Amino acid sequence: MKIFNTLSKTKEEFEPREAGKVSMYVCGPTVYNLIHIGNARPMVVFDTVRRYMEYKGYQVNYVTNFTDVDDKIIKKAKEEGVESSVIAERYIEECRKDMKALNVKPATVHPKATEEIGGMLDMIHTLIEKGHAYAAPDGTVYFKTRSFKEYGKLSHKNLDDLQGGNRSLLVSGEDQKEDPLDFVLWKPKKEGEPYWESPWCKGRPGWHIECSVMSKKYLGDEIDIHAGGEDLIFPHHENEIAQSEAANDKVFAKYWMHNAFLNIDNRKMSKSDGNFFTVRDIGEKYDLQVLRFFILSAHYRSPLNFSADLMKAAENGYDRIVTSVANLNYLLQTNESDAPDSSETQMTQQETAAAEEAKRFVVKFEEAMEDDFNTADAISAIFELVKFTNTNVTEQSSKAFIKTLKDEILMLSDLCGLIVEKEAEILDDEVEALILERQEARKEKNFARADEIRGLLLEQGIILEDTREGVKWKRA
């Protein structure tokens with residue numbers, strides 16, 4: 001299995017630090033609003049990485065955080081006249097709902113920054129003791145960027161270039177710095193802001209220290225994979241490395257994975273320009289499994305453009321898999337070639353050969369995933385399996401053969417986190433009667449009435465499909 005490591009800018013063979021186990025930290029959202037589709041991309045991508053790791057037999061300790069103290073959270077709390085914790089808890093709960101709708105598995109641990117303040121104070125104290133940090137007169141604590149000789153190794157920037165005046169690259173901070181490149185570990189409270197006691201001042205942590213501390217607590221000083229969006233490479237992840245390795249004297253993360261940006265209609269997402277969608281917005285128009293399918297339809301390191309046309313294409317692609325599984329279930333329920341109480345009868349010799357041939361699509365899927373998690377090619381392998389299944393399964397197929405192919409489609413789809421087997425819906429009596437009437441009308445060659453019934457059902461949101469296995473329906 002090869003992973004592209006941002007640190008080395010090359011694909012590297014994945015070798016966990018401890019045999020059979022993977023420790024993985026993914027930077028989570030700042031909870032001041034509903035998550036947007038840009039937030040959803042790393043959630044879906046790295047959830048899929050985790051799923052595949054578990055499929056390969058690894059025990060994955062997967063940690064992703066909630067940043068629940070931040071300027072944006074404080075600003076929203078002041079606007080609403082409530083405590084910051086009220087805003088944070090509200091949007092943590094909403095985030096969990098969206099993650100569930102996207103079929104993102106709960107993390108092993110979902111730490112919150114405000115519950116880890118003690119660990120942050122300890123790490124800051126360690127950094128000061130080791131000469132990597134200092135307290136300014138107003139109580140602000142800064143990290144001495146130049147004290148960490150390898151600073152810039154992740155983003156491949158050097159300190160001289162940063163010092164040269166390109167302010168867009170400068171690490172943000174306050175006054176009283178010993179060096180313009182030093183960044184904040186702890187900052188004094190402002191009026192009306194939440195704060196915690198510290199040896200330096202009443203205040204709150206800087207953003208970067210949070211993840212260093214939470215990763216250390218739940219995964220240890222050294223981890224296998226640290227991941228997030230490419231916008232976090234600098235300064236956030238660069239600063240995490242500096243803090244963690246200066247404090248712990250160990251290599252922080254062995255592999256660094258970053259997903260590319262998600263744009264809308266070939267433009268960067270922007271609230272001010274109205275070029276912005278939350279996951280909830282998309283959920284009003286599409287099954288959120290379609291959004292997950294869309295996100296995985298491109299390689300995670302490739303920029304992804306969101307548009308109505310591309311979402312429609314994703315919906316059609318997702319429906320192909322769902323429809324295939326629904327047809328297989330229909331055949332399993334109606335197949336009379338086997339004993340009615342048995343679903344595990346013997347396959348014919350021809351079916352056995354076909355089932356063996358179908359395994360090549362599983363191999364293609366695995367090869368794609370093990371080449372830096374190429375989900376685009378992995379989904380193509382699922383499509384090939386679906387096409388093979390649709391071609392080879394008939395009403396005369398044994399239940400064992402049908403179930404074998406169905407299980408393979410479900411397995412590969414599940415590794416992508418795609419729910420493609422829908423629970424059977426119950427039609428009300430009137431709709432059932434109309435479908436039966438239409439079938440009779442077609443037998444009697446009364447096509448005008450059959451078309452009229454199709455139109456009536458369409459008005460009720462029921463789409464009929466005439467297939468070789470019989471009439472299928474789905475909700476519009």
Side-chain angles (χ1 to χ4, degrees), residues 3-12 25 27 30 42 67 70-71 120 123-188 200 203 205-213 215-216 221-223 225-261 268 301 303:
I3 294 177
F4 183 89
N5 191 348
T6 307
L7 193 66
S8 64
K9 285 190 170 182
T10 60
K11 286 183 186 178
E12 299 179 11
Y25 187 95
C27 289
T30 300
T67 295
D70 177 86
D71 289 341
M120 297 178 204
M123 182 173 281
I124 293 170
H125 183 72
T126 298
L127 289 169
I128 292 174
E129 279 192 333
K130 291 187 171 185
H132 291 291
Y134 60 93
D138 68 351
T140 303
V141 181
Y142 296 100
F143 184 87
K144 287 185 177 182
T145 300
R146 292 185 187 277
S147 73
F148 184 68
K149 301 305 181 185
E150 293 184 278
Y151 191 87
K153 65 179 179 179
L154 180 69
S155 59
H156 307 285
K157 303 180 188 297
N158 65 67
L159 288 173
D160 291 335
D161 290 342
L162 294 177
Q163 184 67 54
N166 188 344
R167 296 197 61 79
S168 66
L169 298 180
L170 293 180
V171 183
S172 62
E174 305 291 336
D175 296 333
Q176 301 177 305
K177 294 179 181 180
E178 292 180 1
D179 186 299
L181 297 179
D182 296 346
F183 59 88
V184 174
L185 300 174
W186 187 266
K187 52 190 172 184
W200 314 288
W207 175 37
H208 312 299
I209 196 71
E210 296 176 11
C211 292
S212 285
V213 168
S215 179
K216 177 183 174 72
D221 292 350
E222 302 174 89
I223 67 174
I225 300 172
H226 198 310
E230 66 180 3
D231 55 317
L232 299 181
I233 296 173
F234 185 87
H236 184 52
H237 287 168
E238 195 71 73
N239 289 356
E240 278 190 66
I241 290 174
Q243 295 163 162
S244 296
E245 296 189 5
N248 303 324
D249 296 316
K250 294 178 181 177
V251 172
F252 180 29
K254 191 172 181 180
Y255 303 93
W256 289 84
M257 299 179 69
H258 295 94
N259 65 273
F261 288 118
K268 186 177 180 180
R301 287 192 292 112

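Remember, predicted model here, so these are calculated numbers, not experimental data.
Between Tyr25 and Cys27 there is a side-chain heavy-atom pair separated by less than 4.5 Å. The shortest distance between side-chain heavy atoms of Asp70 and Trp207 does not fall below 4.5 Å.
Test Asn239, Leu185, Val184 against Ile209 for side-chain contact (heavy atoms from CB on, under 4.5 Å) and you get one pass: Leu185.
The distance from atom CZ of Phe252 to atom CG of Asp221, rounded to the nearest 0.5 Å, is 9.5 Å. Annotation: the span from Glu150 atom CD to Glu238 atom CD amounts to 10.0 Å, rounded to 0.5 Å. The structure places NE2 of His132 at 10.5 Å from OG1 of Thr126, a figure rounded to the nearest 0.5 Å. Summarising the geometry, atom CD1 belonging to Ile241 is positioned 8.5 Å from atom NE2 belonging to His226; distances are rounded to the nearest 0.5 Å. Taken to the nearest 0.5 Å, the CG atom of Leu154 stands 10.0 Å off from the NZ atom of Lys9. Residue Glu178 holds its CD atom at 10.0 Å from OH of Tyr142, rounded to the nearest 0.5 Å.
With hydrogens and angles disregarded, no donor-acceptor distance shorter than 3.5 Å links the side chain of Asn248 to the backbone of Lys250. Between the side chain of Asp182 and the main chain of Thr145, a donor-acceptor pair closer than 3.5 Å is present.
Between Phe183 and His208, the ring planes lie perpendicular to each other; the angle is over 60°, past the 30° to 60° tilted range. Ring geometry for Phe234 versus Tyr151: interplanar angle over 60°, hence perpendicular rather than tilted (30 to 60°).
Applying the side chain to side chain donor-acceptor pair (under 3.5 Å) test to Asp71 and every residue at least two apart in sequence or in another chain returns Arg204. For Glu12, the side chain to side chain contact (heavy atoms under 4.5 Å, CB included) partners are Asn5, Ser8, Thr10, Tyr255, not counting sequence neighbours. Residues satisfying the side chain to side chain donor-acceptor pair (under 3.5 Å) criterion with Glu245, sequence neighbours excluded, are Lys153. Take His156 and apply the side chain to side chain donor-acceptor pair (under 3.5 Å) test, not counting sequence neighbours, and it matches no residue. Applying the side chain to side chain contact (heavy atoms under 4.5 Å, CB included) rule to Ser212 yields the partners Met123, Glu240, Gln243, Ser244; only residues at least two apart in sequence or on another chain are considered. By the side chain to side chain donor-acceptor pair (under 3.5 Å) test, His258 is found to be paired with Thr6, His237, residues two or more places apart in sequence or in another chain being considered.
Checking Thr140 against Gln176 by side-chain atom types alone, no donor-acceptor pair falls below 3.5 Å.
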